[in-house]
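Remarks on the structure that follows.
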Amino acid sequence: MKIGFYPGSFDPITYGHLDIITRGAKLFDKLYIAISYNPNKKTVFTTEERIDLVKEAVSHIPNIEVIKSNQLTVNHCQALGATHILRGLRAVTDYDYEFQMTNFNTQINDKVDTVFLMTQGKYSFLSSSSVRELAGFKGDVSPFVPDNVKKAIDKKFNIQ
Ligand code: ADP
């Protein structure tokens with residue numbers, strides 16, 4: 001059984017993440033979505049909220065399990081039997097960071113490899129941080145996030 005592991009903070013999940021998840025789920029028998037959780041890092045949505053929002057957004061995809069993770073990605077992969085980390089690539093600006101992370105991870109554990117899916121052009125400038133910023137100005141986030149996330153954002157940011 002081929003198992004993949006898609007880590008991220010998903011604060012909140014966007015259509016860009018969903019695109020990577022939908023395509024990634026076809027590459028693996030099982031795909032874990034690992035919501036990173038670090039008590040020292042401030043997020044807009046709590047860990048439980050982020051998990052629930054992702055679960056709802058991917059409920060139509062059967063071979064996915066949403067979990068939280070506060071350990072080293074490669075260690076968590078090994079514990080779950082995942083052979084591949086899945087990452088999405090947007091503009092070239094992602095490249096440096098991903099290149100560094102991939103090589104670092106391989107040095108820690110060379111049994112876990114990383115695969116990348118290139119984002120669709122329409123999502124290449126979409127990030128959770130831009131969605132948060134837009135929400136902070138009470139903008140309409142509906143073009144960028146699924147319905148359940150839009151509702152949660154409107155509630156959190158008091159958007160009518
Ligand atoms: P962000 O960088 O938006 O805070 P995460 O830390 O949750 O997102 O990132 C998790 C993974 O999703 C990373 O591999 C990141 O490159 C990818 N990703 C985020 N936004 C997009 C997008 N719009 N298109 C493709 N991949 C994306």
Side-chain angles (χ1 to χ4, degrees), residues 3-28 30-58 61 64-77 80 82-106 108-109 112-137 139-150 152-153 156-157:
I3 302 176
F5 187 97
Y6 182 43
S9 40
F10 304 99
D11 186 36
I13 185 168
T14 68
Y15 281 140
H17 295 124
L18 262 184
D19 175 48
I20 301 297
I21 292 167
T22 307
R23 291 156 59 203
K26 294 181 187 147
L27 302 176
F28 299 100
K30 174 162 191 161
L31 179 63
Y32 285 99
I33 304 178
I35 319 281
S36 61
Y37 134 75
N38 174 352
N40 299 318
K41 209 176 144 192
K42 224 178 139 21
T43 51
V44 166
F45 290 96
T46 66
T47 311
E48 296 312 321
E49 286 172 334
R50 287 181 284 138
I51 289 178
D52 287 347
L53 290 173
V54 174
K55 275 188 180 162
E56 278 167 35
V58 302
I61 310 175
I64 284 183
E65 191 173 330
V66 183
I67 56 174
K68 66 176 162 186
S69 182
N70 67 344
Q71 48 178 304
L72 212 53
T73 300
V74 283
N75 289 353
H76 206 165
C77 284
L80 295 167
T83 50
H84 289 85
I85 298 167
L86 173 67
R87 298 288 291 172
L89 272 185
R90 287 165 289 194
V92 279
T93 39
D94 277 345
Y95 180 83
D96 259 0
Y97 175 75
E98 295 294 343
F99 184 73
Q100 189 192 334
M101 276 310 293
T102 301
N103 284 287
F104 188 59
N105 282 332
T106 312
I108 303 168
N109 185 336
V112 179
D113 208 345
T114 304
V115 290
F116 294 94
L117 287 177
M118 198 73 85
T119 190
Q120 293 185 52
K122 59 183 171 183
Y123 301 134
S124 58
F125 295 100
L126 175 54
S127 66
S128 298
S129 56
S130 42
V131 167
R132 291 194 302 269
E133 195 169 338
L134 180 60
F137 287 107
D140 176 16
V141 296
S142 58
F144 309 115
V145 297
D147 262 8
N148 66 314
V149 176
K150 148 108 176 115
I153 286 179
K156 179 114 9 203
F157 287 84

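For ligands, and for the atoms within them, numbers begin at 1 and follow the listed sequence.
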Which atoms of ligand 1 have any heavy atom of [X] under 4.0 Å away?
X: R87; value: 10 (C), 11 (C), 13 (C), 14 (O)
X: S9; value: 4 (O), 5 (P), 6 (O), 7 (O)
X: Y6; value: 11 (C), 12 (O), 17 (C)
X: F10; value: 7 (O)
X: G16; value: 22 (C), 23 (N), 24 (N), 25 (C)

Within the 4.0 Å heavy-atom cut-off, what Y15 brings close to ligand 1 is neither
Under a 4.0 Å heavy-atom limit, does P7 contact ligand 1 with its side chain, its backbone, both, or neither? backbone
What residue and heavy atom of the protein are closest to atom 21 (C) of ligand 1, and at what distance? R90 CD, 3.5 Å
Closest non-hydrogen protein atom to atom 9 (O) of ligand 1, residue and atom name please, with distance? H17 NE2, 3.7 Å
Backbone or side-chain N or O of [X] under 3.5 Å from ligand 1 N or O:
X: L89; result: no
X: S128; result: yes
X: T14; result: no
X: L126; result: yes
X: Y123; result: yes

Do any heavy atoms of F125 fall under 4.0 Å from ligand 1? no
D94 vs R87, salt bridge (charged side-chain N to carboxylate O under 4.0 Å, His left out): CA-CA, chis, key distance, verdict: CA-CA 10 Å; D94 277 345; R87 298 288 291 172; over 6 Å; no
